[in-house]
Amino acid sequence: QVQSVESGGGLVQSGGSLRLSCVASGTTFSSETWAWFRQGPGKEREFVAAISWSGESTFYSDAVKGRFTISRDNAKNAVYLQMNSLEPEDTAVYYCISVRPRHYDPSEYYDWGQGTQVTVSS
């Protein structure tokens with residue numbers, strides 16, 4: 001059974017930074033594309049960023065491009081999200097999950113973890 005545990009969220013002021021971590025188990029992590037999604041209050045879950053199995057290719061939503069950086073460590077079954085220049089609009093629960101390459105519609109997936117809460121104050 002695939003399990004992902006997200007951590008690193010918290011409360012930060014606008015303009016601040018946070019680094020999220022996700023550790024996966026029960027999966028062939030090093031051969032998979034992994035992604036971060038988020039769900040803000042009263043909003044649908046949305047794609048944030050993805051990284052290929054090798055880490056050589058990354059993809060970002062327009063909302064976070066230039067501010068967030070996704071990375072991974074296959075030796076640790078871990079994927080990270082460095083978030084800089086945070087804005088109140090980034091407030092959400094953040095989730096990581098294994099995805100099919102270039103398939104970033106959250107409705108295609110159901111094996112979500114608990115997520116980690118990020119709150120950005122103005």
Is it true that atom CD of Q117 has more than 12 heavy atoms of other residues, nucleotides or ligands lying nearer than 6.0 Å?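 Atom CD in Q117 is crowded, with more than 12 foreign heavy atoms closer than 6.0 Å.
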Please identify each residue that fulfils side-chain hydrogen bond (donor to acceptor under 3.5 Å, both in side chains) with [X], with sequence neighbours left out.
X: D90; answer: R38, R67
X: E89; answer: none
X: T69; answer: none
X: S17; answer: N84

Hey, does [Y] have a side-chain heavy atom less than 4.5 Å from the side chain of [X]?
X: T27; Y: E32; result: yes
X: Y80; Y: R19; result: yes
X: S121; Y: P88; result: no

Which other residues end up in the same hydrophobic cluster as [X], if Ile, Leu, Val, Met, Phe, Trp and Tyr are linked when side-chain heavy atoms come under 4.5 Å apart?
X: Y110; answer: none
X: F29; answer: V12, L18, L20, W34, W36, V48, I51, Y60, V64, F68, I70, V79, L81, M83, L86, Y94, V118, V120
X: V5; answer: none

All ring pair (Phe, Tyr, Trp, His ring centres under 6.0 Å) counterparts of Y109, not counting sequence neighbours: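 None.
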Going by ring pair (Phe, Tyr, Trp, His ring centres under 6.0 Å), name the residues that satisfy it together with Y95, two or more places apart in sequence or in a different chain.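 Only W112 meet the ring pair (Phe, Tyr, Trp, His ring centres under 6.0 Å) criterion with Y95.
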Enumerate the disulfide (SG to SG under 2.5 Å) contacts for residues 2-121, please, sequence neighbours excluded, ordered by first and then second residue.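 Of all non-adjacent pairs touching residues 2-121, those that pass disulfide (SG to SG under 2.5 Å) are C22-C96.
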Got a sec, which pairs hit salt bridge (charged side-chain N to carboxylate O under 4.0 Å, His left out) with one end in residues 54-63, sequence neighbours left out?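 The answer is D62-K65.
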If you look only at pairs with a residue in residues 98-116, which of them pass as a salt bridge (charged side-chain N to carboxylate O under 4.0 Å, His left out), with sequence neighbours excluded?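 Counting only pairs at least two positions apart or across chains, the salt bridge (charged side-chain N to carboxylate O under 4.0 Å, His left out) contacts touching residues 98-116 are R100-E108.
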Within this structure, what is the [atom1]-[atom2] distance for the pair [X] and [Y], rounded to the nearest 0.5 Å?
X: R72; Y: S54; atom1: CZ; atom2: OG; answer: 8.0 Å
X: E44; Y: S107; atom1: CD; atom2: OG; answer: 9.5 Å
X: E6; Y: I97; atom1: CD; atom2: CD1; answer: 9.0 Å

Can you tell me if Q82 and S71 form a side-chain donor-acceptor pair at under 3.5 Å?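 There is no such pair (donor and acceptor under 3.5 Å, judged by atom type) between the side chains of Q82 and S71.
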Check whether any side-chain N or O of S52 sits under 3.5 Å from a backbone N or O of S57 as a donor-acceptor pair, and report yes or no.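 Answer holds: yes.
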